[in-house]
Amino acid sequence: MSRSGQSHILAIGGGSFRPSRRHSFIEASPLLRYGLDLTGQDRPKLGLVATAGGDSADWVLKMYGAFAGWDVELSHLTVFPMPNVPDPRAWMLEQDMIYVSGGSVANLMALWRLHGYDEAFEEAWRSGVVLSGQSAGALCWHIGGNTDSFGPDLRVWAEGLALLPYSCGVHYNSEPQRRPLLQQSVASGELPGGYAADEGVGLHYVGTEFIQAVSTDPGGYAYKLESDGDGRVKEFRIEPRLLTP
(Lines give C-alpha, C1' and ligand atoms only; values in the text may rest on other atoms or scores of the structure.)
Protein backbone atom coordinates (compact mmCIF):
# COMPACT_ATOMS: atom_id res chain seq x y z
CA MET A 1 0.00 0.00 0.00
CA SER A 2 0.97 3.55 -0.37
CA ARG A 3 3.73 4.00 1.61
CA SER A 4 1.16 5.49 4.03
CA GLY A 5 -1.08 2.42 3.80
CA GLN A 6 -3.82 4.13 1.75
CA SER A 7 -4.74 4.66 -1.90
CA HIS A 8 -4.69 8.32 -2.98
CA ILE A 9 -5.70 10.20 -6.11
CA LEU A 10 -5.03 13.92 -6.58
CA ALA A 11 -7.02 15.24 -9.57
CA ILE A 12 -5.98 18.77 -10.53
CA GLY A 13 -8.18 21.20 -12.45
CA GLY A 14 -5.19 23.20 -13.68
CA GLY A 15 -2.08 24.90 -12.40
CA SER A 16 0.26 21.96 -11.73
CA PHE A 17 3.09 24.00 -13.20
CA ARG A 18 3.67 27.74 -13.46
CA PRO A 19 6.23 30.06 -15.03
CA SER A 20 9.45 30.04 -13.05
CA ARG A 21 10.55 33.18 -11.29
CA ARG A 22 14.17 32.11 -11.59
CA HIS A 23 14.54 31.11 -15.24
CA SER A 24 12.63 30.88 -18.52
CA PHE A 25 11.15 27.43 -17.93
CA ILE A 26 8.42 26.21 -15.55
CA GLU A 27 8.34 25.12 -11.94
CA ALA A 28 6.14 22.66 -10.10
CA SER A 29 3.43 24.20 -7.93
CA PRO A 30 2.64 23.41 -4.28
CA LEU A 31 -0.15 21.14 -5.56
CA LEU A 32 2.52 18.64 -6.58
CA ARG A 33 4.35 19.04 -3.28
CA TYR A 34 1.06 18.16 -1.59
CA GLY A 35 0.79 15.02 -3.72
CA LEU A 36 4.37 13.99 -3.02
CA ASP A 37 3.81 14.44 0.71
CA LEU A 38 1.01 11.86 0.48
CA THR A 39 3.59 9.21 -0.37
CA GLY A 40 5.16 9.44 3.07
CA GLN A 41 8.62 9.17 1.51
CA ASP A 42 11.55 11.47 2.20
CA ARG A 43 12.78 11.12 -1.39
CA PRO A 44 9.81 9.83 -3.38
CA LYS A 45 10.02 8.21 -6.78
CA LEU A 46 7.95 10.36 -9.14
CA GLY A 47 6.93 8.93 -12.51
CA LEU A 48 5.93 11.33 -15.30
CA VAL A 49 3.45 10.29 -18.02
CA ALA A 50 2.73 12.50 -21.05
CA THR A 51 0.66 10.13 -23.20
CA ALA A 52 -2.14 12.68 -23.60
CA GLY A 53 0.30 15.09 -25.24
CA GLY A 54 1.76 12.51 -27.61
CA ASP A 55 4.80 11.93 -25.39
CA SER A 56 6.23 15.28 -26.45
CA ALA A 57 9.95 15.11 -25.70
CA ASP A 58 10.01 18.89 -25.19
CA TRP A 59 7.24 18.71 -22.58
CA VAL A 60 8.80 15.76 -20.77
CA LEU A 61 12.07 17.69 -20.59
CA LYS A 62 10.26 20.74 -19.22
CA MET A 63 8.62 18.61 -16.52
CA TYR A 64 12.01 17.26 -15.48
CA GLY A 65 13.30 20.81 -15.23
CA ALA A 66 10.26 21.89 -13.20
CA PHE A 67 11.43 19.74 -10.29
CA ALA A 68 14.95 21.17 -10.19
CA GLY A 69 15.94 21.44 -6.55
CA TRP A 70 13.20 19.07 -5.35
CA ASP A 71 14.31 15.97 -3.49
CA VAL A 72 12.62 13.49 -5.85
CA GLU A 73 13.78 10.62 -8.04
CA LEU A 74 12.35 11.28 -11.50
CA SER A 75 11.62 8.92 -14.37
CA HIS A 76 9.04 8.78 -17.16
CA LEU A 77 6.97 6.36 -19.22
CA THR A 78 6.20 6.73 -22.93
CA VAL A 79 4.31 4.73 -25.54
CA PHE A 80 5.68 6.52 -28.66
CA PRO A 81 7.28 5.01 -30.70
CA MET A 82 7.32 2.14 -28.21
CA PRO A 83 7.40 1.86 -24.41
CA ASN A 84 10.69 3.24 -23.12
CA VAL A 85 10.93 0.74 -20.25
CA PRO A 86 11.04 -3.08 -20.56
CA ASP A 87 8.10 -3.66 -18.20
CA PRO A 88 5.68 -0.71 -17.85
CA ARG A 89 3.65 -2.49 -15.15
CA ALA A 90 6.75 -3.02 -13.02
CA TRP A 91 7.73 0.63 -13.59
CA MET A 92 4.34 1.81 -12.29
CA LEU A 93 4.55 -0.37 -9.21
CA GLU A 94 8.03 0.97 -8.43
CA GLN A 95 6.83 4.58 -8.24
CA ASP A 96 5.64 6.38 -5.12
CA MET A 97 3.62 8.85 -7.19
CA ILE A 98 2.69 9.04 -10.87
CA TYR A 99 1.78 12.35 -12.52
CA VAL A 100 -0.19 12.35 -15.79
CA SER A 101 -0.11 15.59 -17.77
CA GLY A 102 -2.87 17.08 -19.93
CA GLY A 103 -3.83 16.80 -23.58
CA SER A 104 -6.26 14.44 -25.27
CA VAL A 105 -7.95 12.20 -22.70
CA ALA A 106 -9.68 10.20 -25.45
CA ASN A 107 -6.36 9.36 -27.13
CA LEU A 108 -4.75 8.70 -23.76
CA MET A 109 -7.35 6.11 -22.77
CA ALA A 110 -7.30 4.42 -26.17
CA LEU A 111 -3.53 3.97 -25.96
CA TRP A 112 -3.57 2.90 -22.31
CA ARG A 113 -6.13 0.21 -23.07
CA LEU A 114 -4.20 -0.92 -26.15
CA HIS A 115 -1.04 -1.36 -24.08
CA GLY A 116 -2.76 -2.76 -20.96
CA TYR A 117 -1.87 0.30 -18.92
CA ASP A 118 -5.48 0.60 -17.70
CA GLU A 119 -5.16 -2.58 -15.63
CA ALA A 120 -1.62 -1.72 -14.56
CA PHE A 121 -2.65 1.72 -13.28
CA GLU A 122 -5.47 0.19 -11.27
CA GLU A 123 -3.05 -2.31 -9.76
CA ALA A 124 -0.61 0.47 -8.90
CA TRP A 125 -3.38 2.50 -7.27
CA ARG A 126 -4.59 -0.46 -5.22
CA SER A 127 -1.01 -1.15 -4.15
CA GLY A 128 -0.72 2.42 -2.84
CA VAL A 129 1.00 4.40 -5.58
CA VAL A 130 -0.35 7.98 -5.43
CA LEU A 131 -2.02 8.77 -8.77
CA SER A 132 -2.19 12.39 -9.85
CA GLY A 133 -2.60 14.52 -12.92
CA GLN A 134 -4.08 17.62 -14.50
CA SER A 135 -6.93 18.03 -16.99
CA ALA A 136 -6.80 14.80 -19.05
CA GLY A 137 -4.63 13.44 -16.24
CA ALA A 138 -7.45 14.21 -13.78
CA LEU A 139 -10.41 13.10 -15.91
CA CYS A 140 -8.88 9.70 -16.64
CA TRP A 141 -9.27 8.37 -13.08
CA HIS A 142 -13.02 9.17 -13.06
CA ILE A 143 -15.94 7.82 -15.10
CA GLY A 144 -15.72 10.87 -17.33
CA GLY A 145 -16.42 14.54 -17.83
CA ASN A 146 -16.19 16.79 -20.86
CA THR A 147 -13.28 17.07 -23.25
CA ASP A 148 -11.89 18.97 -26.23
CA SER A 149 -10.27 15.76 -27.52
CA PHE A 150 -12.49 15.88 -30.62
CA GLY A 151 -12.35 19.61 -31.36
CA PRO A 152 -12.89 23.06 -29.84
CA ASP A 153 -16.55 22.33 -29.04
CA LEU A 154 -16.52 20.22 -25.89
CA ARG A 155 -18.12 16.78 -25.85
CA VAL A 156 -19.33 14.62 -23.02
CA TRP A 157 -16.93 11.73 -22.47
CA ALA A 158 -17.53 8.70 -20.24
CA GLU A 159 -14.75 6.22 -20.99
CA GLY A 160 -12.42 6.82 -18.07
CA LEU A 161 -10.82 4.20 -15.86
CA ALA A 162 -13.64 4.70 -13.31
CA LEU A 163 -11.38 4.10 -10.34
CA LEU A 164 -13.45 6.96 -8.94
CA PRO A 165 -17.21 6.47 -9.56
CA TYR A 166 -17.84 10.14 -10.33
CA SER A 167 -17.82 12.69 -13.10
CA CYS A 168 -15.04 15.27 -13.05
CA GLY A 169 -14.82 18.87 -14.17
CA VAL A 170 -11.49 20.59 -14.93
CA HIS A 171 -10.57 24.18 -15.87
CA TYR A 172 -13.92 24.98 -14.31
CA ASN A 173 -13.49 28.74 -13.99
CA SER A 174 -11.31 29.39 -17.03
CA GLU A 175 -13.04 27.74 -20.02
CA PRO A 176 -16.64 28.95 -20.50
CA GLN A 177 -18.01 25.70 -21.97
CA ARG A 178 -16.93 23.52 -19.07
CA ARG A 179 -19.40 24.38 -16.33
CA PRO A 180 -22.70 24.43 -18.27
CA LEU A 181 -21.91 21.22 -20.14
CA LEU A 182 -20.99 19.32 -16.98
CA GLN A 183 -24.10 20.60 -15.22
CA GLN A 184 -26.26 19.60 -18.19
CA SER A 185 -24.78 16.10 -18.48
CA VAL A 186 -25.16 15.41 -14.75
CA ALA A 187 -28.73 16.76 -14.76
CA SER A 188 -29.67 14.52 -17.70
CA GLY A 189 -28.00 11.44 -16.21
CA GLU A 190 -25.51 11.17 -19.07
CA LEU A 191 -22.83 11.44 -16.41
CA PRO A 192 -23.05 10.61 -12.70
CA GLY A 193 -22.70 13.26 -10.04
CA GLY A 194 -19.18 14.23 -9.20
CA TYR A 195 -16.66 16.95 -8.48
CA ALA A 196 -15.10 19.86 -10.34
CA ALA A 197 -12.04 22.02 -9.80
CA ASP A 198 -11.09 25.57 -10.74
CA GLU A 199 -7.61 26.47 -11.93
CA GLY A 200 -5.08 25.97 -9.15
CA VAL A 201 -7.33 23.51 -7.30
CA GLY A 202 -6.82 19.80 -6.65
CA LEU A 203 -9.36 17.16 -5.60
CA HIS A 204 -7.98 14.69 -3.06
CA TYR A 205 -9.53 11.24 -2.78
CA VAL A 206 -8.60 8.45 -0.37
CA GLY A 207 -9.83 5.21 -1.85
CA THR A 208 -13.01 6.34 -3.61
CA GLU A 209 -13.95 8.92 -0.97
CA PHE A 210 -13.50 12.63 -1.62
CA ILE A 211 -11.54 13.99 1.36
CA GLN A 212 -10.79 17.63 0.62
CA ALA A 213 -9.87 20.19 -2.00
CA VAL A 214 -6.55 22.03 -1.92
CA SER A 215 -5.65 25.21 -3.76
CA THR A 216 -2.81 27.54 -4.63
CA ASP A 217 -5.29 30.27 -5.59
CA PRO A 218 -7.17 32.12 -2.81
CA GLY A 219 -10.01 32.65 -5.30
CA GLY A 220 -10.19 29.05 -6.50
CA TYR A 221 -12.87 26.57 -5.46
CA ALA A 222 -13.98 22.98 -5.89
CA TYR A 223 -17.59 21.93 -6.47
CA LYS A 224 -19.83 18.94 -5.87
CA LEU A 225 -22.53 18.25 -8.46
CA GLU A 226 -25.60 16.09 -7.90
CA SER A 227 -28.67 15.37 -10.01
CA ASP A 228 -31.94 16.06 -8.25
CA GLY A 229 -33.56 13.27 -10.28
CA ASP A 230 -35.91 15.71 -11.98
CA GLY A 231 -33.71 16.95 -14.80
CA ARG A 232 -31.92 19.54 -12.72
CA VAL A 233 -28.54 19.67 -11.04
CA LYS A 234 -27.46 20.90 -7.64
CA GLU A 235 -23.98 22.39 -7.37
CA PHE A 236 -22.33 22.94 -4.00
CA ARG A 237 -19.20 25.07 -3.65
CA ILE A 238 -16.39 23.53 -1.60
CA GLU A 239 -13.90 25.77 0.19
CA PRO A 240 -10.41 24.37 -0.42
CA ARG A 241 -7.49 24.28 1.94
CA LEU A 242 -5.06 26.96 0.79
CA LEU A 243 -1.52 25.69 0.27
CA THR A 244 1.42 27.88 1.15
CA PRO A 245 4.19 28.40 -1.42
Side-chain angles (χ1 to χ4, degrees), residues 1-13 16 31-32 35-36 38-41 44-56 59-60 63 72-80 82-145 147 149 157-168 170 192 194-195 197 202-211:
M1 267 280 177
S2 107
R3 316 348 181 190
S4 65
Q6 295 176 314
S7 297
H8 297 274
I9 291 178
L10 179 63
I12 298 170
S16 300
L31 290 165
L32 295 181
L36 289 166
L38 297 176
T39 69
Q41 300 299 302
K45 294 180 178 179
L46 173 59
L48 305 174
V49 178
T51 316
D55 286 336
S56 163
W59 177 243
V60 171
M63 285 197 290
V72 295
E73 184 178 333
L74 293 170
S75 62
H76 67 281
L77 175 66
T78 63
V79 297
F80 294 101
M82 63 181 71
N84 64 317
V85 297
D87 187 340
R89 172 185 169 275
W91 177 88
M92 292 180 198
L93 292 171
E94 288 169 359
Q95 306 308 309
D96 296 306
M97 173 172 154
I98 295 174
Y99 175 82
V100 179
S101 61
S104 170
V105 70
N107 290 348
L108 172 147
M109 285 307 313
L111 285 165
W112 280 6
R113 289 186 167 119
L114 178 66
H115 287 266
Y117 290 4
D118 52 343
E119 295 179 355
F121 272 115
E122 180 172 358
E123 183 180 358
W125 173 64
R126 294 191 184 282
S127 74
V129 177
V130 176
L131 301 181
S132 62
Q134 170 178 308
S135 194
L139 292 173
C140 62
W141 315 119
H142 298 75
I143 287 176
T147 179
S149 295
W157 178 84
E159 298 178 25
L161 287 177
L163 302 181
L164 301 169
Y166 315 112
S167 58
C168 179
V170 296
Y195 298 89
L203 307 169
H204 179 196
Y205 304 87
V206 176
T208 59
E209 182 181 357
F210 174 78
I211 297 299

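Since the model is a prediction, treat every value here as computed from it, not as a measurement.
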Spacing of [atom1] belonging to [X] relative to [atom2] belonging to [Y], to within rounding of 0.5 Å:
X    : Y    : atom1 : atom2 : value
L74  : Y99  : CG    : OH    : 13.0 Å
L163 : D118 : CG    : CG    : 9.5 Å
L38  : L131 : CG    : CG    : 11.5 Å
M109 : T147 : CE    : OG1   : 12.0 Å
L93  : S127 : CG    : OG    : 5.0 Å
T39  : M97  : OG1   : CE    : 8.5 Å

Is there a side-chain contact between [X] and [Y], using heavy atoms and a 4.5 Å cut-off?
X    : Y    : result
V170 : Q134 : no
P88  : H115 : no
H76  : M63  : no

Got a donor-acceptor contact below 3.5 angstrom from the [X] side chain to the [Y] backbone?
X    : Y    : result
S7   : W125 : yes
D55  : F80  : yes
S167 : P192 : yes
D96  : K45  : yes
S149 : V105 : yes
S132 : I98  : yes
Q95  : W91  : yes

Smallest separation among heavy atoms of [X] and [Y], with atom names:
X    : Y    : value
T208 : P165 : CB-CD, 4.0 Å
S101 : A136 : O-CB, 4.4 Å
G35  : V130 : O-CG1, 4.1 Å
S16  : L32  : O-CD1, 3.6 Å
A138 : A11  : CB-CB, 3.7 Å
H8   : H204 : ND1-NE2, 2.9 Å

Should the pair [X] and [Y] be assigned to parallel (<30°), tilted (30 to 60°) or perpendicular (>60°) ring geometry?
X    : Y    : result
Y205 : Y195 : perpendicular
F121 : Y117 : perpendicular
W141 : W112 : tilted

Before giving the answer on side chain to side chain contact (heavy atoms under 4.5 Å, CB included), spell out for L77 and M92 the whole-Å C-alpha distance, their side-chain angles and the decisive distance to 0.1 Å. CA-CA 9 Å; L77 175 66; M92 292 180 198; 3.9 Å; yes

